[in-house]
Amino acid sequence: MQKKKKKQLPAMLFVIPVIITAYSCRMLAMFDIGGEIFSLVRAMIYLALFDIWIVRVKRTVQQKTIQRYLLIAGGMMVFWIFVRTVKYEFELPPTAIRLCWYMYYLPMLTIPLMGLLTAITIGKLESKQFDRKVALLYIVTGILLLTVLTNDFHQLVFTFPEDVPFFQRLDKNYGYNVLYFAIFGWIGFCGLAALVTMWKKCKVPNTKKHLLKPLIPAGLSMGYSVIYLTGFSWLTFLFGDLPVTQSLLFVATYEACFSCGLIPTNTRYIDLFEVSSESSAQITDRDFNIRYKASDAQAVTKEHMALAINEPFPLDDGRVLHTMPIHGGYAVWTEDNSELIALQEELSLLKEEWQERNALLQSEYLLEEKRRKILEQNRLYDMLQAVTQKQIDKIALLMKEYQSKEKNSEESRRILAKIAVLCSFLKRRKHLALIADREYTVPSTELKLAFSESLRTLNLLGVESSLFIDTEKQLDGEDASKVYDFFEDVLEMCIDSLRTIDVRIVRRHDGLRIAVTAECDTDLSKLCTEYPEAEFDNYDGEQTCLLQIGTGGEE
């Protein structure tokens, strides 16, 4: 069973007896009953009371900046009571007493300023950026405090009779100067501006109707200051302790702001916990008796709670029970994993489906890769077949002719030599074709090797040859292939009557230029039909074939 919530008593019911006790100590000390004991007890009560308030602020106010301002205000109250106790309970020289009197104005100026800074900070995000407006408030407060602390040099705040020596001045016989009223006005401005700013920023419903709450202690504080200034004897007798009275009124003002929501605090956790929806949390004692329970929490047996201490305990319909030790008991909550389990099953099915689909796609990819590889091989075969088909056909004819001839005869050896010349061309031409197909550049040494191999095979026919290549640069694959084709066509036309051949390849500004000079009986000018751009010349039995090709390659 859920334990019925106890109604919390207002904190004021505990504070009032403490204040009455401290006030009684004051009255007893005034009638010199008990000596200084009651005065010191009274001081310790107020110091403890304000220290407790500081702890309360630290626990209930979570926004760091507002918390810092309120803690400074609380610290100033403690400091004020401490200075007051030192001033009145210890025997001090007049100068020290006067300094304690001046130090009153440190909390008197700081506490309202902290209230105004608190009001300005409400609703803002935590930021480390420098705020000029806040700096201006600090500067004004600091200047006013400095004028009080240096009053002995200018007497612009308090004035003393001229016949009283400097070291005999006390807070018994003095007057007020212009800066005193400026300080009094600044204190009132900070307090009033703080309340107005809080009222404007408040967004809690119906809170503005309760503005009277903080106005009552704030108005009493201002009225007390005015009456205290006039010096009524009855006020001095009944409530003459300025630090205590003003500090209590300041605390009452802050508490009123807390209660009506003008200053945001974190309170009423139990109510918030119990009305929270979409939460399955419960708080139990050490025997797993439920103490607090969220509105949507579902019933769980004690046995299941105990089983979930070490590890989460699975319940029915996809729920998982968690138990966590806390101070004085356990926090218990359930986690609904039904949707997660359903999603996991769905993902498992999808995983199997995608694995099957992936295997199918992998097979299709391998088949497509194989098909493309075959297509590429066929394309390269067709391309190589096309560029060398003429030589392949000639080799086939020569082989038939060789088979019809007598073996080891001069004519058969000459046929074999022609076949060797054609085979050397096939080998090198296919290599150049592959380079050109991949759009690579051809080193000049590669072209030189191709020509050298073809010319070496001509030695089998007794043909004298020479080669000159005047280029050390990269050549375009297409251009290198055309040069080699032109050479081969010239060679095949005159191979039967060829005696000498000279090949010269030079690089010119307008491309590659090949010149083939052959001593033979065949008319090489017949190649004009195949190479119309070529030039042919016949001089003294030597025929020269010139061909200009492309750009000659790359730098």
Side-chain angles (χ1 to χ4, degrees), residues 382-394 421-422 424-455 458 463 465-555:
D382 293 340
M383 184 265 294
L384 295 176
Q385 190 78 7
V387 298
T388 58
Q389 186 62 47
K390 183 171 65 174
Q391 285 75 25
I392 293 174
D393 293 340
K394 288 184 178 181
V421 172
L422 293 173
S424 64
F425 173 78
L426 287 177
K427 171 186 173 184
R428 292 294 178 175
R429 183 61 180 88
K430 288 182 178 180
H431 182 59
L432 292 176
L434 291 174
I435 294 176
D437 181 69
R438 288 166 174 76
E439 298 182 354
Y440 295 157
T441 55
V442 179
S444 58
T445 54
E446 184 67 30
L447 187 62
K448 187 174 183 179
L449 290 174
F451 276 93
S452 298
E453 186 170 346
S454 294
L455 293 175
L458 289 175
V463 177
S465 62
S466 62
L467 174 66
F468 175 76
I469 298 179
D470 184 21
T471 177
E472 296 181 355
K473 299 177 181 180
Q474 298 290 101
L475 304 175
D476 182 77
E478 291 288 344
D479 292 349
S481 299
K482 290 178 181 179
V483 167
Y484 197 39
D485 285 341
F486 178 73
F487 162 75
E488 183 65 20
D489 289 339
V490 172
L491 180 61
E492 290 178 10
M493 178 171 283
C494 64
I495 192 170
D496 292 329
S497 61
L498 183 63
R499 293 181 292 277
T500 63
I501 188 170
D502 175 67
V503 181
R504 301 177 64 84
I505 301 174
V506 296
R507 178 185 175 87
R508 302 178 62 182
H509 67 280
D510 53 352
L512 282 178
R513 184 182 180 91
I514 179 172
V516 181
T517 303
E519 184 181 351
C520 61
D521 299 332
T522 307
D523 184 8
L524 298 179
S525 61
K526 296 178 181 179
L527 285 173
C528 288
T529 56
E530 188 173 352
Y531 296 95
E533 69 277 17
E535 299 178 5
F536 297 91
D537 184 27
N538 190 342
Y539 178 76
D540 197 17
E542 290 185 349
Q543 300 182 63
T544 302
C545 306
L546 300 174
L547 182 65
Q548 180 75 27
I549 297 175
T551 60
E554 299 178 358
E555 294 293 337

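These values consider heavy atoms only, across backbone and side chains, with no hydrogens, waters or symmetry-generated copies.
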What are the two closest non-hydrogen atoms of [X] and [Y], and how far apart are they?
X	Y	answer
C494	T522	CA-OG1, 3.8 Å
D523	M493	O-SD, 3.8 Å
A480	L432	O-CD1, 4.2 Å
S481	A433	OG-N, 4.4 Å
K430	T388	CE-OG1, 3.8 Å

### Task
Using side chain to side chain donor-acceptor pair (under 3.5 Å) as the criterion, list what pairs up with S452, not counting sequence neighbours.
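Testing S452 for side chain to side chain donor-acceptor pair (under 3.5 Å), a comparison that skips the adjacent residues, returns none.
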### Task
Go through the structure and list residues passing side chain to side chain donor-acceptor pair (under 3.5 Å) with K394, not counting sequence neighbours.
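K394: side chain to side chain donor-acceptor pair (under 3.5 Å) contacts with E492.
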### Task
Show your working on side chain to side chain contact (heavy atoms under 4.5 Å, CB included) between E446 and R428 and close with a plain yes or no.
CA-CA 9 Å; E446 184 67 30; R428 292 294 178 175; 3.5 Å; yes
#### Entry: Sequence-distant partners of R504, salt bridge (Lys or Arg N to Asp or Glu O under 4.0 Å), two or more places apart
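Partners of R504 under the salt bridge (Lys or Arg N to Asp or Glu O under 4.0 Å) test: none.
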### Task
Go through the structure and list residues passing salt bridge (Lys or Arg N to Asp or Glu O under 4.0 Å) with E542, not counting sequence neighbours.
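Residues passing salt bridge (Lys or Arg N to Asp or Glu O under 4.0 Å) with E542: none at all.
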Using side-chain heavy atoms (C-beta onward) and a distance below 4.5 Å, is [X] in contact with [Y]?
X	Y	result
I514	V516	yes
F468	D502	no
I501	L455	yes
D537	L546	no

### Message
Run the salt bridge (Lys or Arg N to Asp or Glu O under 4.0 Å) test on E488 and R429 for me, step by step, so that the C-alpha distance in whole Å, both residues' side-chain angles and the decisive distance to 0.1 Å come before the verdict.
### Response
CA-CA 10 Å; E488 183 65 20; R429 183 61 180 88; over 6 Å; no
### Query
Does any pair with a residue in residues 471-492 pass ring pair (Phe, Tyr, Trp, His ring centres under 6.0 Å), and if so which ones, sequence neighbours excluded?
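Non-adjacent pairs meeting ring pair (Phe, Tyr, Trp, His ring centres under 6.0 Å): F425-Y484, F451-Y484, F451-F487, F486-Y531.
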From [X] atom [atom1] to [Y] atom [atom2], the distance as rounded to the nearest 0.5 Å:
X	Y	atom1	atom2	value
I549	D485	CD1	CG	8.5 Å
S465	L498	OG	CG	9.0 Å
E533	C528	CD	SG	10.0 Å
C545	L491	SG	CG	11.0 Å
E519	Q543	CD	CD	10.0 Å
I469	I505	CD1	CD1	4.5 Å

### Query
What pairs with E530 under side chain to side chain contact (heavy atoms under 4.5 Å, CB included), at least two apart in sequence or on another chain?
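Listed in chain order: K390, D489, L527.
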